[in-house]
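Below is one structure, written out as structure tokens; comments come after it.
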Amino acid sequence: MTSNAAQYTWAGRFSEPVSDLVKRYTASVDFDQRMWRQDIRGSLAHARMLAKQGIIAAADLADIERGMAIVAEEIESGKFEWSLDLEDVHLNIEKRLTALVGDAGKRLHTGRSRNDQVATDIRLYLRDAIDDIQLLLKQFRAALVDLAEKEAATPMPGFTHLQVAQPVTFGHHMLAYFEMFGRDGERFADCKKRVARLPLGAAALAGTTYPIDRQFVAEQLGFEGVCENSLDAVSDRDFAIEFTAACALLMMHISRLSEELVMWMSPRVGFIQIADRFCTGSSIMPQKKNPDVPELARGKTGRVYGQLMSLLTLMKSQPLAYNKDNQEDKEPLFDAVDTVTDTLRIFADMAGGITVKPEAMQAALTQGFATATDLADYLVKKGLPFRDAHEAVGHAVKAAEFKGVDLPGLTLEELQQFSPLIETDVYTVLTVAGSLASRNHVGGTAPEQVRAAVQRARSRL
Ligand code: ARG
């Protein structure tokens, strides 16, 4: 046995060391060390169970607990020496523990495999990540509600096909995103139920010969239960895929909002300003203020979709049970976690830094015949069938366009050419305020409804 191979915990069976390239290729410590807290938490729960079941002595448990406290302190303070020779976070920590406390450290791995250990660590890590994301989502949604309340009566054009469609309020528009991000939160909460199940006890794949108590470990770690089948427990990463799918959907919503923010901030539209701290200038054009944050978020959406594809493809066709392929689950997963948490943190802050420019929205509203549907509805209420009303208003719009005015710019006589049912009261429905106020039902854009929706949104948060 060479000295190099001897460094490996599994060196006994081998007669030559791996090359440096293979060592680097197969190691994961560079990226899985971020799970050190979860690894230690999982190991302590396992050790307590081993002691409770009389599989290790109480003195061993005491040594393990003492040693792990030192390991944790070393990692926390940056003194810990991570070694590529020790492959991953699990072996690095176990080796250091053993150096600190001797035989007790060597007993820690009794009845356990890195296969159930790593699956446990990822689940603990993801559960923590979901809790962080839920908190950030809540802060972000609270900021959206604040903005919605402030602009509950601010009219802006609502678009379909990016053409002016009907007036809505800016507050109503913000609450649309509140709903989308609310569903994203529900998806994470649902995913968490399946994440919070304990693989430990599955050992390498078939379970273990020791009289273990899995339920006890699950309770120690705050899991909702144990994975029922050992083969499934060590091999499937569907929970990670599901988590990343929830991240991808969330980023899809972020990208929609980002796209609108970028568009609204364009001088051609000019509906909003975003606080300077979320924008950057140009190295050549002194006048530029670019909405970099929403643009990058739009771009990062693609990145998270990519992570989802990576994980789906990683898992595809893997035979039972654990395969080393699964080591590749971490980087996409961590990247999705980082991207989503950073994005949410920034967006929660940025939502509070949005200033609305009501004059620009008002100007846009007078250009797109936004109250045409209101005129049609007016005629219907006077007895005209909707299709006939639709046609009459179509002619009115054409005439207004020809005259270069919006619908309220047509005189009563001009309007009456399109329907004798039109009377002076028509001008109340042709105004933006009238149009908004008349959509007065749950889910509608009337300022009164938006304020009520804001109240409901607050109580849902
Ligand atoms: N670093 C490995 C991973 O991330 C840990 C499990 C390794 N198990 C094994 N039998 N090689 O999946």
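In this chain, residues are counted from 1 in sequence order. Just follow the structure's listing: the first ligand is 1, and inside any ligand the first atom is 1.
- Side-chain N or O atoms of S266 include none that pairs as donor or acceptor with a backbone N or O of V262 at under 3.5 Å.
- Set against the non-hydrogen atoms of S28, the atoms of ligand 1 under 4.0 Å away are 1 (N).
- Although no hydrogens or angles enter the test, the distance criterion places no donor-acceptor pair under 3.5 Å between the side chain of D236 and the main chain of V234.
- Residue, atom and distance of the protein heavy atom nearest to atom 9 (C) of ligand 1 are N115 OD1, 3.5 Å.
- Distances between N or O atoms of Q327 and those of ligand 1 include at least one value under 3.5 Å.
- Looking only at heavy atoms of the protein, atom 3 (C) of ligand 1 is closest to Y322 OH, 3.3 Å.
- Under the 30°/60° scheme for interplanar angles, the aromatic rings of H253 and F181 are found to stand perpendicular.
- Atom 4 (O) of ligand 1 has as its closest protein heavy atom K330 NZ, 2.6 Å.
- The backbone N or O of D88 sits less than 3.5 Å from a side-chain atom of N92, completing a donor-acceptor pair.
- Checked against the 6.0 Å centroid criterion, the rings of F170 and F271 do not qualify as a close aromatic pair.
- Counted by atom type alone, H90 and D121 present one or more donor-acceptor pairs between their side chains at under 3.5 Å.
- When only interatomic distances are considered, the shortest N/O to N/O separation between R237 and ligand 1 does not fall below 3.5 Å.
- Among all non-hydrogen protein atoms, the one lying nearest atom 5 (C) of ligand 1 is D88 OD2, 3.5 Å.
- Looking only at protein heavy atoms, the nearest one to atom 11 (N) of ligand 1 is R114 NH2, 3.7 Å.
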